[in-house]
Trainee: 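Pasting a structure below so you can have a look.
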Amino acid sequence: MPAEGVTLQPKNNLLTNDEIYYLARIFVEQGVRKIRLTGGEPTVRRDIVDIIAKLKELPKLENVGITTNGLVLTRLLVPLQRAGLDALNISLDTLRPQRFEEITRRKGWERVIAGIDLAIQLGYKPKVNCVLMKNFNEDEICDFIEFTRDRNVDVRFIEYMPFMGNKWQTDKLLSFNETLKIIREKWPEFEALPNGPNDTSKAYKVPGYKGQVGFITSMTEHFCGSCNRLRLTADGNLKVCLFGNKEISLRDALRSKCSEDDLVALISAAVKRKKKQHAGRHQIFNKPPTDIFKFPKLNNFITPAYVLSRYFAKPQQIRIYSSNGKQLTHIDKTGKASMVDVSEKPNTTRTAIARANIYVGSEVAQLIHSNNLKKGDVLSVSQLAGIMAAKKTSDLIPLCHNITISSVKVNAVLDLDNEMVTLEASVRCTGQTGVEMEALTAVSVAALTVYDMCKAVTHDMIIKDIHLVSKSGGQRGDFQRK
Ligand SMILES: Nc1nc2c(ncn2[C@@H]2O[C@H](COP(=O)(O)OP(=O)(O)OP(=O)(O)O)[C@@H](O)[C@H]2O)c(=O)[nH]1
Ligand SMILES: C[S@@+](CC[C@H](N)C(=O)[O-])C[C@H]1O[C@@H](n2cnc3c(N)ncnc32)[C@H](O)[C@@H]1O
Ligand code: SF4
């Protein structure tokens with residue numbers, strides 16, 4: 001606890017219970033099998049028991065856990081267990097009451113220990129998280145190992161990680177190897193145990209002791225290669241990496257009445273941008289607070305369509321003539337704009353692929369590559385904008401039919417060498433008219449979104465080469481650009 005305390009968020013910034021359940025359901029439907037409520041401190045939320053009970057109603061969710069400071073477990077653990085809590089991690093950085101008071105700026109060490117013992121009695125094997133800091137609690141390593149002698153707990157030593165504001169000093173980090181050495185001096189038989197494929201910790205044990213020991217080596221031997229975690233902050237931002245500085249506001253997306261498909265697309269795009277590993281330490285130091293991509297309100301998003309519909313609000317003023325004087329398909333006999341009647345056409349499966357490039361220059365290309373643009377994750381956001389735009393095509397293009405799209409995929413790829421982002425959309429429907437306009441609209445709006453997200457760096461960007469790559473289905477046969 002910092003000396004100045006912490007500022008609490010206004011309540012309406014936080015996800016409501018219904019928003020939590022809704023998002024949890026979506027994540028579980030997409031394959032998430034374990035949810036951990038952490039923090040901040042999850043037990044400060046008065047409705048924690050209800051939240052857990054409700055999460056446990058999701059049939060495919062296999063495990064619900066919490067990570068807590070343990071201060072209220074003696075009061076809450078029985079109801080939590082009744083609600084279905086599967087796993088419990090408790091943070092405890094010291095076994096000395098006086099030191100506990102120094103770190104947490106409150107009393108309560110005895111309550112935390114009582115909470116751990118109650119958890120064991122109730123049949124949990126609690127994980128006790130201990131962040132090791134040089135010249136602070138390294139003298140307690142052996143005491144923590146002793147703690148596992150008679151208790152079926154998993155004490156996990158965590159390498160101190162540099163988060164904003166926690167006064168990182170390189171000499172504070174006590175590495176896994178240094179810790180192991182200290183332990184093996186006293187317990188040479190300290191042995192490694194097998195680990196699960198996505199475990200954050202490396203498991204060990206003193207033979208004969210009831211409990212076990214783990215090492216979370218985020219700094220010296222990161223485990224990013226097997227990382228399958230996503231984080232959702234209390235105020236609804238999705239973070240695909242603990243160290244990432246990019247967040248996407250699912251709360252704003254939800255509150256803008258974004259459809260479930262769009263939410264899934266937003267999540268999926270963010271997950272696909274997950275890097276192979278967290279930023280190097282030099283990048284982590286003194287990073288400014290996270291940039292948050294605010295999901296555009298739908299009202300804002302459709303502004304171009306709104307402008308167009310105002311322009312075309314009086315169709316009698318629009319006159320369209322063909323150069324050879326022939327009747328055009330998009331005007332009626334009086335010369336007024338009209339939609340082509342497609343009711344007689346058969347339903348066929350139609351696909352269209354379109355592409356666009358945006359030249360962004362070297363500075364923006366580098367920033368996109370390192371995902372360090374202030375406005376957020378350019379490639380994910382432009383992909384999503386493209387998907388949403390495809391669905392709005394008939395609002396934007398006056399005489400375009402409003403069709404039911406069965407699939408839209410938008411890909412945004414950075415070509416670092418050519419300092420260019422390539423946007424490709426592939427759209428599919430089963431219907432009476434084609435989807436090339438949808439694909440072309442998708443890549444155009446995706447390219448405009450790249451422009452919008454990067455224009456704070458430079459205006460020297462060129463959207464070019466918007467074109468149809470191929471199209472299939474329909475009476476006129478297939479098209480393939482040569
Ligand atoms: N680098 C990194 N460290 C993580 C991540 N998740 C957890 N940790 C580390 O693990 C510590 C303990 O976190 P917990 O909240 O107990 O979660 P956990 O270790 O994922 O819990 P289990 O699911 O029980 O293994 C954190 O303080 C981090 O040091 C992660 O995604 N990336
Ligand atoms: C941030 S806490 C949040 C949950 C809860 N309030 C608690 O105290 O357990 C989650 C875990 O992160 C650990 N942690 C906090 N700051 C850390 C740091 N700088 N480096 C490594 N781990 C840290 C904590 O010890 C705890 O085990
Ligand atoms: S990728 Fe990010 S979240 Fe995953 S282990 Fe590495 S630092 Fe943690």
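Computation of the quantities below employed the complete heavy-atom set of this structure, encompassing side-chain atoms and omitting hydrogens, waters and symmetry-equivalent molecules. Each ligand, and each atom within it, is numbered from 1 in the order the structure gives.
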Trainee: Is D86 salt-bridged to K56, going by a charged N under 4.0 Å from an acidic O?
Mentor: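 Result for this pair is yes, salt bridge flagged.
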
Trainee: Of the backbone atoms (N, CA, C, O) and the side-chain heavy atoms from C-beta on, which set of K34 has a member under 4.0 Å from an atom of ligand 1: side chain, backbone, both, or neither?
Mentor: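 Under 4.0 Å from ligand 1, K34 contributes side-chain atoms alone.
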
Trainee: Could R355 and E424 be called an ion pair, given the rule that one side-chain N must be under 4.0 Å from one carboxylate O?
Mentor: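 Yes, R355 and E424 are salt-bridged.
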
Trainee: Near F223, which atoms of ligand 3 are under 4.0 Å from a heavy atom of that residue?
Mentor: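 The atoms of ligand 3 under 4.0 Å from a heavy atom of F223 are 5 (S).
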
Trainee: Does the pair E101/K107 count as a salt bridge with the N-to-O cut at 4.0 Å?
Mentor: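 Salt bridge present between E101 and K107.
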
Trainee: At a 4.0 Å threshold, what atoms of ligand 1 neighbour a non-hydrogen atom of I158?
Mentor: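 Selected atoms, number and element: 11 (C), 12 (C), 27 (O), 29 (O).
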
Trainee: Does the side chain of S175 come under 3.5 Å of the side chain of E159 through a donor N or O and an acceptor N or O?
Mentor: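 Checked: S175/E159 side chains show no N/O donor-acceptor pair below 3.5 Å.
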
Trainee: Does a side-chain N-to-carboxylate-O contact under 4.0 Å join R96 and D143?
Mentor: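 Yes.
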
Trainee: Ion pair present between R25 and E29, side-chain N to carboxylate O less than 4.0 angstrom?
Mentor: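 E29 and R25: salt-bridged.
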
Trainee: Give the atom numbers and elements of ligand 2 that come within less than 4.0 Å of a heavy atom of T38.
Mentor: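 In order of number, 3 (C), 4 (C), 10 (C).
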
Trainee: At under 4.0 Å between heavy atoms, which part of I158 makes contact with ligand 2: side chain, backbone, both or neither?
Mentor: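 The answer is the side chain.
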
Trainee: Using a cut-off of strictly less than 2.8 Å, determine whether C227 has an N/O/S atom near atom 6 (Fe) of ligand 3.
Mentor: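 No, C227 does not qualify, because none of its backbone or side-chain N, O or S atoms lies under 2.8 Å.
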
Trainee: Based purely on interatomic distance, does T68 place a nitrogen or oxygen under 3.5 Å from a nitrogen or oxygen of ligand 2?
Mentor: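 So ligand 2 has an N or O lying under 3.5 Å from an N or O of T68.
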
Trainee: In terms of atom number and element, which parts of ligand 2 are under 4.0 angstrom from non-hydrogen atoms of G40?
Mentor: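 Taking each heavy atom of G40 in turn, ligand 2 has 3 (C), 4 (C), 5 (C), 6 (N) under 4.0 Å.
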
Trainee: Of all the atoms in ligand 2, which lie at a distance below 4.0 Å from a heavy atom belonging to N129?
Mentor: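 The atoms of ligand 2 under 4.0 Å from a heavy atom of N129 are 27 (O).
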
Trainee: Which one holds for H222 and ligand 1: side chain close, backbone close, both close, or neither close, with close meaning a heavy atom under 4.0 Å?
Mentor: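 Looking at H222 and ligand 1, no heavy atom falls under 4.0 Å.
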
Trainee: Which atoms of ligand 2 are found less than 4.0 Å from any heavy atom of E159?
Mentor: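 Answer, ordered by atom number: 20 (N), 21 (C).
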
Trainee: With a cut-off of 2.8 Å, does any N, O or S atom of C241 fall short of it relative to atom 2 (Fe) of ligand 3?
Mentor: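 Of the N, O and S atoms in C241, at least one lies under 2.8 Å from atom 2 (Fe) of ligand 3, which means yes.
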
